[in-house]
Amino acid sequence: AKYPNTDTTGLMIAVGKNITTANGLFIRGDLSYTDYKSVSITSTGGSKVKADVESMAATVSIVKSLNDFPNFSIFSIVEGGMVIIWHPNC
């Protein structure tokens, strides 16, 4: 049996913070949540598969000597290919 290709859309919300310490350490942390619309497909043999995917993630990055980057907070929403990023210190 073969399954057809399918597409889905979803929503991603993330918030994060960048910090540069006095000794040149660059620390970035963020939390994100993604929720895709559910999809259902049927194979050529009549079997059905349904998926409803969502995920949460937390990341922390620590880098030395990135003094060229300013401190800023990021808020982004991704839906249907549109990205909104907010930099309050710009």
Side-chain angles (χ1 to χ4, degrees):
K2 291 185 179 182
Y3 288 91
N5 291 331
T6 189
D7 294 321
T8 188
T9 59
L11 169 71
M12 177 185 183
I13 299 172
V15 62
K17 178 74 176 170
N18 292 341
I19 299 169
T20 303
T21 65
N23 63 357
L25 199 62
F26 179 76
I27 303 168
R28 170 184 287 166
D30 65 72
L31 301 169
S32 65
Y33 171 76
T34 306
D35 185 16
Y36 293 98
K37 291 184 179 177
S38 62
V39 294
S40 180
I41 57 175
T42 304
S43 73
T44 55
S47 298
K48 289 188 176 187
V49 175
K50 184 175 181 178
D52 187 11
V53 179
E54 63 182 78
S55 68
M56 293 180 68
T59 61
V60 175
S61 303
I62 301 173
V63 180
K64 180 74 173 149
S65 296
L66 289 178
N67 294 326
D68 295 335
F69 291 96
N71 296 337
F72 59 88
S73 298
I74 300 172
F75 177 77
S76 62
I77 299 174
V78 179
E79 183 174 11
M82 180 176 70
V83 178
I84 300 167
I85 301 176
W86 175 46
H87 298 273
N89 293 343
C90 292

Atom [atom1] in [X], atom [atom2] in [Y]: separation rounded to 0.5 Å?
| X | Y | atom1 | atom2 | result |
| --- | --- | --- | --- | --- |
| Asp35 | Ser55 | CG | OG | 9.0 Å |
| Lys48 | Thr42 | NZ | OG1 | 5.0 Å |
| Lys37 | Asp7 | NZ | CG | 12.5 Å |
| Ile27 | Asn18 | CD1 | CG | 10.0 Å |
| Ile19 | Arg28 | CD1 | CZ | 11.5 Å |

With a 4.5 Å heavy-atom cut-off, do [X] and [Y] have their side chains touching?
| X | Y | value |
| --- | --- | --- |
| Ser43 | Lys2 | no |
| Tyr33 | Met12 | no |
| Thr34 | Leu11 | no |
| Tyr3 | Val49 | yes |

Report summary line: In short, Leu31 meets Ala58 closest at the heavy-atom pair CD2-CB, 3.5 Å

